Amino acid sequence: MEENIFQQRIDLSGLNRAVFEIRNEIGRVIVGQHKMVDLLLIGLLCDGHILIEGVPGVAKTLTAKLVAKIIDVDFSRLQFTPDLMPSDVVGTSVFNPKEGDFRFKSGPIFSNIVLIDEINRAPAKTQAALFEVMEERQVTVDGYTHVMRMPFIVLATQNPIEQEGTYRLPEAQLDRFLFKIEVKYPTLAEEVNILLAQQGKTQGQMLQDVRKILSPSDIQHFRDQIQSVIIEPKLIEFIARIVNETRNNPALYLGASPRASLAILKSAKANAAVKGRDFVTPEDIVEMAPHVLRHRIILTAEKEMEGITADDLIDNILKAIEVPR
């Protein structure tokens, strides 16, 4: 937690205590990956869905399971495959011969935290089943609308290397994810600690020891507090300038939408609150912008051939815009 020399206008002690306990609880199982854990917490506090990308074996799925276990809510997991149908995700109407009518049988998407493993393995038709539920927190089947219970968060994983048998996520779906977290390999020291920690326990035993820390009412209370975090008008303009630059950059084929501006605003507020501040600084915006923007922009073919990545371009944009003080 950052040292705060100003008088707090919002009591964030409960939030900061919960974040400290969650980090410690996850740290008992996961070694390293601190940035991924912090971004998952910020996404939870912002009511945002998260896409986690990384090679197999870097604890993407395990971390998502841990986040679900520390919250006293329902959890479900879907393994996306090429033969998965939309009804396998959202559910379907089943005929009841006793009553002579159809009853809706809900699918695994009807949970509070939904982990979708390898989301790019399912075809476009199945991916499209997530459009409504991710944006509006509801599912419409046979003309009837079924509202999800709050909180509702989708955590999805994908492998950036293996592309055989995968289906690229459409831009409309990518835009519904608050963050795209890129998970890296652990350092040598972290890998040694992983081996030491897990040599005497199975993964199942480690997960059993995790205790629940947050309730749905706690999450809603913290979300309300984050809404009250103060941000100066000049910082709001700073966010708008960053996103606007993605639309006018000649190196980009597709820029970010206003949804990206709102995502940076919300996540910057949450980042400030997690660090113990009730006000946003330019550093909060610069820290959150790459995770919000990297999956929302498309580089031109020429820039991709030059080996330039989305993160490189975002870094150039952030450096080119004057930071307000």
Side-chain angles (χ1 to χ4, degrees), residues 1-26 34-51 64 67-68 70-73 112-113 134-137 148-155 175-181 212-240 242-243 258-293 324:
M1 189 185 304
E2 295 180 356
E3 183 181 357
N4 190 358
I5 61 174
F6 301 100
Q7 182 179 0
Q8 287 286 110
R9 289 153 288 195
I10 305 170
D11 182 13
L12 297 171
S13 58
L15 170 60
N16 298 144
R17 185 166 54 251
V19 168
F20 178 78
E21 291 179 6
I22 289 169
R23 284 173 175 161
N24 281 349
E25 202 67 20
I26 292 177
H34 303 298
K35 192 64 182 177
M36 173 171 59
V37 172
D38 284 351
L39 288 171
L40 284 170
L41 290 177
I42 290 170
L44 178 68
L45 294 170
C46 291
D47 192 21
H49 311 297
I50 297 176
L51 178 62
V67 171
I70 60 176
I71 305 167
D72 192 15
V73 294
N112 296 113
I113 295 183
M134 288 180 67
E135 179 62 20
E136 301 176 41
R137 267 66 174 185
M148 311 302 290
R149 289 172 295 136
M150 294 294 114
F152 174 72
I153 302 289
V154 172
L155 306 176
D175 202 35
R176 283 164 167 76
F177 286 102
L178 176 74
F179 291 146
K180 179 183 178 183
I181 306 174
K212 296 192 181 298
I213 296 172
L214 293 179
S215 66
S217 59
D218 292 332
I219 295 171
Q220 188 57 54
H221 173 64
F222 295 150
R223 286 176 177 174
D224 292 340
Q225 284 190 312
I226 286 168
Q227 289 289 332
S228 303
V229 169
I230 297 160
I231 181 167
E232 297 291 333
K234 61 183 179 180
L235 293 182
I236 292 178
E237 183 181 350
F238 181 46
I239 294 171
I242 292 170
V243 176
R259 190 183 280 155
S261 302
L262 292 169
I264 295 175
L265 174 64
K266 290 191 294 184
S267 58
K269 284 186 171 187
N271 191 50
V274 164
K275 293 183 176 179
R277 286 183 277 103
D278 63 356
F279 60 93
V280 175
T281 66
E283 288 72 24
D284 293 316
I285 296 169
V286 171
E287 187 179 346
M288 292 295 105
H291 309 291
V292 171
L293 294 174

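Nothing here was measured: the structure is a model prediction, and the numbers come from that model.
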One pair to check against side chain to side chain contact (heavy atoms under 4.5 Å, CB included): His221 and Leu15. What are the steps and the verdict? CA-CA 9 Å; His221 173 64; Leu15 170 60; over 6 Å; no
Given side chains that start at C-beta, do those of [X] and [Y] come closer than 4.5 Å, heavy atoms only?
X      : Y      : value
Phe238 : Val286 : yes
Pro216 : Asn112 : no
Ile242 : Leu293 : yes
Val274 : Leu41  : no

Judged by atom type as modelled, is there a donor-acceptor pair below 3.5 Å linking the side chain of His291 to the main-chain atoms of Leu39? no
From [atom1] ([X]) to [atom2] ([Y]), nearest 0.5 Å:
X      : Y      : atom1 : atom2 : answer
Ile285 : Ile239 : CD1   : CD1   : 4.0 Å
Leu40  : Ile50  : CG    : CD1   : 4.5 Å
Ile71  : Ile153 : CD1   : CD1   : 8.0 Å
Leu155 : Leu51  : CG    : CG    : 10.0 Å
Met134 : Leu178 : CE    : CG    : 10.0 Å
Phe222 : Cys46  : CZ    : SG    : 14.0 Å

Determine whether the side chains of Asp218 and Ser215 contain a donor N or O and an acceptor N or O closer than 3.5 Å. yes
For [X] and [Y], which heavy atoms make the closest approach, and how far apart are they?
X      : Y      : result
Ala273 : Ile226 : CB-CG1, 4.0 Å
Gln227 : Lys269 : O-NZ, 3.1 Å
Pro324 : Pro282 : O-CG, 3.2 Å
Ile70  : Ile26  : CD1-CD1, 4.2 Å
Ala260 : Val292 : O-CG1, 3.6 Å
Ile219 : Pro151 : CD1-CG, 4.1 Å

The test is side chain to side chain contact (heavy atoms under 4.5 Å, CB included); show your working for Arg176 and Arg259 and say whether it passes. CA-CA 8 Å; Arg176 283 164 167 76; Arg259 190 183 280 155; 3.9 Å; yes
Contacts satisfying salt bridge (Lys or Arg N to Asp or Glu O under 4.0 Å) that involve residues 222-232 (not counting sequence neighbours) are Asp47-Arg223
Tested for side chain to side chain contact (heavy atoms under 4.5 Å, CB included) against Arg277, the lone hit among Asp284, Val229, Ile230 is Asp284
Salt-bridge criterion met for Glu287 and Lys275 (N-O under 4.0 Å): yes
